[in-house]
Amino acid sequence: MHEPLGIRISGTGRAVPERVVHNREFESRLETNDQWIRERTGIIERRYANPAKGETTAGLAVKASRLAIEAAGLTPDDIDLIIVATITPEAILPSTACFVQQELCSKPVPAYDLVAACSGFVYSLLTAGAMINTGRYQNVLVIGSEVMTIITDMEDRATAILFGDGAGAAVISGTPDTSGPALLHSIMSAEGSGDSMLHVPAGGSRVPTSQMTLNERLHYVKMNGREVYKKAVKRNHDLVDQTLSETGVDPNDIKLVIPHQSNLRIINSARERMGLPEDRVYMNIDRFGNTSGASIPICLDECFRSGRIQSGDLLLLIAFGAGFTWGSALLRV
Ligand code: UT7
């Protein structure tokens, strides 16, 4: 097991679009129904962004970030690095992080995007920790922001019902010692052979945009739901097992687990693996659906603001997503 890393979550924030889309809205145009969606996914409603109202990936990210920075008792100019986890960027060029920097900061700071799909926030948090550990950065703004509706095929019932839009942000700060808040354990890995199970086939260099790709709807997410489901369950179990065995931590000592919000059944399977009751594993998939890289930081902000996580608590984040990618972080907050 690696040494604890002296970092803490010093502030969080979230921003979700105004428009609420209930499962029933799909019933008139897709062969699906509210009951199927609830039972198979746990989703009841999700949010859809309206870019004309500023609800873009960077727009939501900036809103969430301002709240996180304020909660940390800092000002935007105290931020010395910005990392944005997203698979639905503001534009192909430049990075979403540069748009965020432009809006937030009065001076230049390093800013970049990190692409790891649903594991993006955990990857970014761990990257922030490593950057703080170099001694060159003190307050890193880590954001998960997604407008998943730009890559969601609203004619495909298997995926249209799953995704939602939103953003969450956290300020990760260095701490002088590791006896208080710290990153106690982490896992980060990827297996690219899962590429065709969950992907957007066109719009990149492998399949550049053409009239054909537009006609074939290849700019939208394609998913082999059943295979991804099986992989997600297995990888989440592995994350939990490895964390517990390498740290020796008793699951009952973990105050809260925040899993990526992919599917109620996937989350429950991880919870059962740990033998934890329902109230120890946080879920908001019923209200927001799967917001990919934004799901964990949105949960995080809800938990901090409602008092579900208190100073000194052990918090476990776990995520699995396209790539395949997966990661976890055990934190004392
Ligand atoms: O974010 C990280 C990565 N993403 C995930 O982790 C998602 C992983 N996958 C899943 O969550 C699930 O596979 C889904 C929720 C996408 C699908 O649930 P499932 O229980 O795996 O359903 P299935 O794909 O095995 O399909 C069962 C049936 C099929 O009909 P037949 O072939 O049995 O007649 C589907 O065509 O359900 C049908 N179906 C639907 N029926 C009503 C698929 N989508 C829908 C729908 N409404 N929206």
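The figures that follow rest on heavy atoms only: side chains count, while hydrogens, waters and symmetry mates do not. Nothing fancy with the numbering, it's 1 onward along the sequence.
Contact of the Y112 side chain with the I83 side chain is registered, since non-hydrogen atoms from C-beta on lie closer than 4.5 Å. Looking only at side-chain heavy atoms (C-beta outward), V20 and R47 come within less than 4.5 Å of each other. Between I172 and I9, some side-chain heavy-atom pair lies under the 4.5 Å cut-off. The closest side-chain heavy-atom distance from M274 to R280 is not below 4.5 Å. Taking the side chain as every heavy atom from C-beta outward, V257 and V240 never approach each other to under 4.5 Å.
Remark: the backbone N or O of G168 is not paired with any side-chain donor or acceptor of D301 at under 3.5 angstrom. For R14 (side chain) and P297 (main-chain N/O), no donor-acceptor pair under 3.5 Å exists by modelled atom type. Between the side chain of T325 and the backbone N or O of A322, at least one donor-acceptor pair lies under 3.5 Å. One N or O on the side chain of E146 and one on the backbone of T88 form a donor-acceptor pair closer than 3.5 Å. Using a distance-only test at 3.5 Å, with no hydrogens or angles considered, no donor-acceptor pair links the side chain of Q261 to the main chain of S295.
Side-chain contact annotation: D77 with S106, donor-acceptor N/O pair under 3.5 Å present. Counted by atom type alone, H237 and S269 present one or more donor-acceptor pairs between their side chains at under 3.5 Å. The closest side-chain donor-acceptor pair between R265 and N268, if any, does not fall under 3.5 angstrom. A side-chain donor-acceptor contact under 3.5 Å links E302 and Y282. With no hydrogens or angles considered, no side-chain donor-acceptor pair links S262 and N290 at under 3.5 Å.
In this structure, N23 CG and E45 CD are separated by 8.5 Å, a value rounded to the nearest 0.5 Å. Remark: K255 NZ to Q310 CD distance equals 5.5 Å, nearest 0.5 Å.
Of all the heavy atoms in T178 and L5, the pair that sits closest is CG2-C, 3.9 Å. Across every non-hydrogen atom of T291 and G166, the tightest pair is CG2-N, 4.4 Å. When all heavy atoms of V200 and L218 are compared, the closest pair comes out as CG1-O, 3.9 Å.
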